[in-house]
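Worksheet: the structure to be examined is printed underneath.
Below, read A as the first sequence line, B as the second, and so on, with proteins coming before strands; counting in each chain starts at 1.
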2 protein chains.
Amino acid sequence: MSYALSGARPIGTETRARVMAAIKELGFERNAAARSLAARRSHVLALVLPTVAGGLSGTLGEFAQAASQTARDAGYHLVIWPFDREEHAEVRDLVRQGQADGVLVMEVSLHDERIDALLASQVPFTMIGRTAELDGRSWVDIDFERTLTDAVDHLADLGHTTIAFVNHSQHSLDTGYGPTVRARDAFHAAAVARGIHATDVTSDESPLAGRLTTSAILDERPETTAFVTMNETATFGVTQALRDRRLRVPDDVSVLAVVTSPEVGAMYHPPLTTMRAPGHELGRRSVEELLAALEGTAPREAPRLVTCALSPGASTGPAPRR
Amino acid sequence: MSYALSGARPIGTETRARVMAAIKELGFERNAAARSLAARRSHVLALVLPTVAGGLSGTLGEFAQAASQTARDAGYHLVIWPFDREEHAEVRDLVRQGQADGVLVMEVSLHDERIDALLASQVPFTMIGRTAELDGRSWVDIDFERTLTDAVDHLADLGHTTIAFVNHSQHSLDTGYGPTVRARDAFHAAAVARGIHATDVTSDESPLAGRLTTSAILDERPETTAFVTMNETATFGVTQALRDRRLRVPDDVSVLAVVTSPEVGAMYHPPLTTMRAPGHELGRRSVEELLAALEGTAPREAPRLVTCALSPGASTGPAPRR
DNA sequence: CTGTTAGCGCATTCAG
DNA sequence: CTGAATGCGCTAACAG
């Protein structure tokens, strides 16, 4: 009888009609628990992330939207499951107890205990981000190397020769948060490649921290004519500091915000030139990766690194003449 | 044997020890599907919201954090389940199919088809927000009446006599989005009560819309000395428009952003005075409401309307002398 | 206090 | 192509 619904075997037209009629008659609903129990599969994918932190800026929304849609198309439910970073065991138990078939892990750090727990229990997972070790792990990530290279190139092409990079917090660097580490390294490499005088700093995720940091940079290196920022909240402080000093954007100083969105860029005046975080693409790709692992099918060959496209605003321009 | 875990009946110390030993020995995990099936209860609460829209500003995060914690303390899992607003049926089926025991519905409009579907199916739910009809429905909401009254009082006390209110979009008003409607009405009532010249406008959720709107207000009523805003994204445009006209905040014009957070206020210079959206409180209260409905216990008498507290910034001050 | 047992509602065998 | 029978791994009701 259940075959009529699942299509797992050929069904006669008449039989199907009979079943359908009965279903409608009784207001029948398939019971998810019974299905999960019998099929040993919940058809739920859990997106776990450390207690939905502030300042998500819509990138998470975009990601979740795409991931959810991709999962649905494949007959799965995508649910967001808030967990503190310390609750490794709970994340693992989600799958061990059959609440979910697989896990998407966000905000992965280079050495992430949650990943260790998942590996140890053979739980299917895909990382949004990357641990240092990648062997046999499924992941998708932003191509920070490429993004920072493009950012430096963009500014170097405009004639800037002294560029500062405002990164995420020192704490994130110390705890090995991949984006922070990779972006710093890539910024340096790109600066060297283009013969740029580079300053890089970390900043807490607050406007005030960004303002103080920027102010310090301008004191130390007044010849700085461009800022690359990868810290949405601190970037508000960056522009505040420039305004404090009567520096005009982009005439005196250029600002390029990376791994964010044009929507956030539009909050500034003039609107910031940004390099857009590819939330949608990451969402889709990560679910594809996870499903490939779950269904044992070969993961369709597709790039795991996704790039941030430049979205022109009005905050970058030619380096001023000295 | 399961009694040892659930504590549903008294257990001898020795028996318990024996069970525990066996559990550890075999790496036993309770199967969630089997538990749900046998107990007819999933211990999952679904927080459904229209595909995690942009501009969440952290209030959703704060809400989810508190809701999640409250649920956990009561032995439930809180999961966030993205649904488009059109998918009434799917939301309802979550519970009918036993995927979740109850639903928290966010972004409720005055006439919300999702709520109709839930009611028709006898699904336990709590609204974050309110439909026009409230009979027999469980809800918690921000006290917009009080918030707007407090906002107007704050500015009137500072001597402002002409105040403009920048609300959510016209579309949200037309479709009967509760916050938009209630805030508008409350703003008017408060203005009348204080003898204030009031202008109220809607604005799309974009900085550009906010800027144009503000500009139009200043053209039409140049005597306006204060803005109340309840539109996080548009507020960026409000301050841009003021700067366009060389109006200083708060010397020439005061800005009070309501139903947002001091963190968002800190993105401005000077930092905005805000009335903070009580995300934490709403999260906790809403889960309490839902659990009361689920467990049939009398809902602890507690206010369903939660107020927004004033968080002083530096964007409101005495009305300028004319 | 403890051991045993009958379903929960499906998917998936197995016969027909 | 179809109907009937077996468990999935638990909870809760039953006896002891």
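Interface residues of residues 71-79 of chain A facing DNA chain D, ordered by number: none; criterion, heavy-atom separation under 4.0 Å.
The salt bridge (Lys or Arg N to Asp or Glu O under 4.0 Å) search around Asp143(B) returns none, not counting sequence neighbours. Residues passing the side-chain contact (heavy atoms from CB on, under 4.5 Å) test with Ala71(B), sequence neighbours excluded: Leu45(B), Tyr76(B), Leu78(B), Val287(B). For the side-chain contact (heavy atoms from CB on, under 4.5 Å) test, residues two or more places apart in sequence or in another chain that qualify with Ser36(B) are Ala33(A), Ser42(B).
Rounded to an integer number of Å, the gap from Gln97(A) CD to dG9(D) P is 14 Å. Rounding to whole angstrom units, CZ of residue Arg40(A) and C1' of dT12(C) are separated by 10 Å. In this structure, the NE2 atom of His43(A) is 13 Å from the C1' atom of dC10(C), given to the nearest Å. If you take CG of Leu37(A) and P of dT11(D), they are 11 Å apart, rounded to a whole angstrom. Atoms CZ (Arg41(A)) and C1' (dG9(D)) sit 18 Å apart, rounded to a whole Å.
In Glu113(A), the CD atom is not crowded: 12 or fewer heavy atoms of neighbouring residues, nucleotides or ligands sit closer than 6.0 Å. Around the CZ atom of Arg146(A), the shell of radius 6.0 Å holds no more than 12 heavy atoms that belong to other residues, nucleotides or ligands.
Annotation: side-chain hydrogen bond (donor to acceptor under 3.5 Å, both in side chains) contacts involving residues 114-123 of chain A, sequence neighbours excluded, comprise Asp112(A)-Arg114(A).
Relative to the axis of its first five pairs, the axis of the last five pairs of the helix from dC1(C)-dG16(D) to dG16(C)-dC1(D) sits at 40°, rounded to 10 degrees.
The side-chain heavy atoms of Leu305(B) and Arg130(B), taken from C-beta on, include a pair separated by under 4.5 Å. Residues Arg92(B) and Arg96(B) form a side-chain contact, since some pair of their non-hydrogen atoms from C-beta on lies under 4.5 Å apart.
A close approach under 4.0 Å does occur between a side-chain nitrogen or oxygen of Arg30(A) and OP1 or OP2 of dA11(C).
The side chain of Arg35(B) approaches dT11(D) more closely than any other nucleotide in the set dC10(C), dG9(C), dT11(D).
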